[in-house]
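Model, not experiment: these values are computed from the prediction.
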Amino acid sequence: MDGYLGNALRRRFLGAGGAAVAGTLGAGLIGAVPVARAQALSGPVPEVNKLTVTVVTDSYHHAFEPSRKIGDLQVQRFAFALSKDLPGRTLQNEWGLAMHFESARGDETRRVLMDFAYTSETLLNNMALLKIDPSQIDA
C-alpha cells in the first residue's frame, strides 16, 4: 500500500511490535507491568494558551548563547552570571534527551516529562537547577 494509509498501517504495526518487545523486556526485568496505549482523539485537537518546553538533558548545552525572541517564540536560556566564584552546581550534559512540557489552557496546567536521559543523577541535578518539581509532573 502506498501513501498515507500504507504509512499509517506500517506505523501501527511497528508501534505494536515495539510495545510488545518493551512490555516483554519490562515484565522480565521488573515483573508483570501493563502497557498503556494512547487512544486516538475523538474530536478536534485541544488548543492551549501557552506551552513551555524545557530541555532538561541533552548531549550539549549552549551556556553562553543569549536568550532571544524569534517571531512569536521566546527562547529563554539558563545560564550563570560570569564570576570568578564557581557555582555549586551546573547543568550537566550527557547522551540522551529529557524534555519537560508545561501547557496551560484557561486555569488548567499540565506537566509532562519525556525522559530518554542516560542517568538519573544528571536528570535530577538538572531538574533541581531548572526548578522542575517531580511531584508536580502529571505524566
Which residues pass the side-chain hydrogen bond (donor to acceptor under 3.5 Å, both in side chains) test with Ser59, sequence neighbours left out?
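Once residues adjacent in sequence are excluded, Ser59 has no partner under the side-chain hydrogen bond (donor to acceptor under 3.5 Å, both in side chains) criterion.
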List the residues meeting side-chain hydrogen bond (donor to acceptor under 3.5 Å, both in side chains) with Gln92, not counting sequence neighbours, and say none if there are none.
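Once residues adjacent in sequence are excluded, the partners of Gln92 under the side-chain hydrogen bond (donor to acceptor under 3.5 Å, both in side chains) criterion are Thr122.
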Please identify each residue that fulfils side-chain contact (heavy atoms from CB on, under 4.5 Å) with [X], with sequence neighbours left out.
X: Leu73; answer: Val75
X: Gln39; answer: none
X: Lys50; answer: Thr52, Ala104
X: Tyr118; answer: Glu94, Trp95

Using every non-hydrogen atom in the two residues, find where Gly106 and Asn49 come nearest and quote the distance to one decimal.
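Closest approach of Gly106 to Asn49, heavy atoms only: N-OD1, 2.7 Å.
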Close side-chain approach of Thr54 and Ile132, heavy atoms under 4.5 Å
yes
Is there a side-chain contact between Leu97 and Thr57 in this structure, where contact means two heavy atoms from C-beta onward sitting under 4.5 Å apart?
no
Hey, quick one: are [X] and [Y] part of the same hydrophobic cluster, counting side-chain heavy atoms closer than 4.5 Å, chains of contacts allowed?
X: Leu51; Y: Met114; value: yes
X: Leu123; Y: Leu130; value: yes
X: Leu91; Y: Val55; value: no

Qualifying salt bridge (Lys or Arg N to Asp or Glu O under 4.0 Å) pairs with a residue from residues 111-123, counting only residues at least two apart or across chains
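Listed by first then second residue: Glu102-Arg111.
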Working to the nearest 0.5 angstrom, can you tell me the gap between Leu113 CG and Ile137 CD1?
4.5 Å
Contacts of Glu108 meeting salt bridge (Lys or Arg N to Asp or Glu O under 4.0 Å) (sequence neighbours excluded), chain-then-number -> Arg105, Arg110
Quick test of your reading: applying side-chain hydrogen bond (donor to acceptor under 3.5 Å, both in side chains), list the pairs with at least one residue in residues 124-139, sequence neighbours left out, ordered by first then second residue.
Arg89-Asn125, Asp133-Ser135
